[in-house]
Chemist: 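One structure, pasted below without further comment.
These numbers were taken from a predicted model, which means no experiment stands behind them. Residues: numbered from 1 along the sequence shown. Each ligand, and each atom within it, is numbered from 1 in the order the structure gives.
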Amino acid sequence: MIDPVAASVTRLEAVRAGIARAAADCGRKAREITLVAVSKTYEAADILPVIGAGQRVFGENRVQEAMQKWPALRAEFPDIGLQLIGPLQSNKALDAVRFFDRIESLDRPKLAAALADAVQKAGRQPGLLVQVNTGSEAQKAGILPQDADAFLAVCRRDFGLQIDGLMCIPPVDQPPSPHFALLAKIATRNGLSTLSMGMSADYAAAIQCGATHVRVGSAIFGTR
Ligand SMILES: *Cc1c(COP(=O)(O)O)cnc(C)c1O
C-alpha cells in the first residue's frame with residue numbers, strides 16, 4: 001500500500017536533490033537557495049510530515065486560508081517562515097502585515113500605500129518583494145517590466161518601504177529562462193539581491209538564472 005505521507009517526504013527529498021544538482025551545475029551552493037514549499041489547498045495533516053522532514057519555509061496564496069490553517073502549526077513550530085505569494089487586496093494589507101514573514105506580491109501603488117499604512121499600525125514590516133509581470137500578460141498580476149524601476153523608487157521614497165527583491169511567474173506557454181533573466185537584470189540594476197522565481201516545472205532553470213528562492217508546490221505535495 002502506498003503511504004501518502006511518506007510520498008510527500010520522498011518528493012521533498014527529490015526536490016532538495018534537484019536544487020543541489022541545479023546549483024552544482026552552475027557553480028552555486030545549494031544553501032544559497034531557499035526552498036519555499038507551497039502548501040496552498042493542503043491541510044495541516046498533509047503539511048505536518050513535510051515539517052517533520054525539516055522544511056521550515058512555506059508559501060500560501062490566500063490570506064484567509066493561511067490565517068485559518070497556520071496559527072496552530074506555528075504555535076507548535078515557532079521557527080516556521082510564512083510567505084504570501086498570491087495577490088493581495090489593499091483591504092487585507094493589515095492582516096497580511098501582521099501575519100506573514102514576507103509578502104511577495106507587491107505590484108501597485110495603491111497596495112504600496114496600504115502596506116505602508118499597515119506597517120505603521122502593526123509596528124513591523126515583513127520582507128517585501130515586488131512582483132513583476134515579465135510577460136506583460138493582461139490577466140496576470142505584477143508591475144510591467146518597463147515600470148519596475150519607477151515603482152521601486154516610489155515604494156522606497158514615497159512610502160518608506162524596504163524592498164528586498166523581486167518575484168515573477170513566467171507565462172505558461174513560453175520558455176521560462178528569458179523571463180528569469182529579465183527579472184535578474186531588473187533586480188541587479190536596482191541593487192536588489194532576492195529573486196523569487198521558479199516553480200515545480202522550472203526551478204532548475206530559475207536557479208541557473210540566479211534564483212535565491214524557489215516556490216515549489218505540486219512537486220512536493222502532489223497535484224492539486
Ligand atoms: C501555486 C504557486 C506556486 C507553486 O506552483 P507548483 O507548480 O505547484 O510548484 C508557485 N508560485 C505561485 C505564485 C503559486 O501561486
Chemist: Among all residues two or more places apart in sequence or in another chain, which pass the salt bridge (charged side-chain N to carboxylate O under 4.0 Å, His left out) test with K69?
Modeler: E60, E65

Chemist: Is it the case that the ring center of F99 lies less than 6.0 angstrom away from the ring center of W70?
Modeler: no

Chemist: Name each donor-acceptor pair under 3.5 Å that joins a side chain in residues 166-187 to protein atoms two or more places apart or in another chain, with its distance.
Modeler:
from	atom 1	to	atom 2	distance (Å)
Q174	OE1	H179	NE2	2.7
H179	ND1	T134	OG1	3.0

Chemist: Mind checking what makes salt bridge (charged side-chain N to carboxylate O under 4.0 Å, His left out) contact with D101, not counting sequence neighbours?
Modeler: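 Salt bridge (charged side-chain N to carboxylate O under 4.0 Å, His left out) check on D101 returns R74, R124.
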
Chemist: May I ask you to say whether D25 pairs ionically with R21, meaning some side-chain N is under 4.0 Å from a carboxylate O?
Modeler: no

Chemist: Using a 4.0 angstrom limit on heavy atoms, which residues are close to ligand 1?
Modeler: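 Correct list: V38, K40, I85, I169, M199, S200, R215, V216, G217, S218, R224.
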
Chemist: Decide whether S200 and S218 meet the rule of one side-chain donor and one side-chain acceptor closer than 3.5 Å.
Modeler: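 Present: a donor and an acceptor within the cut-off.
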
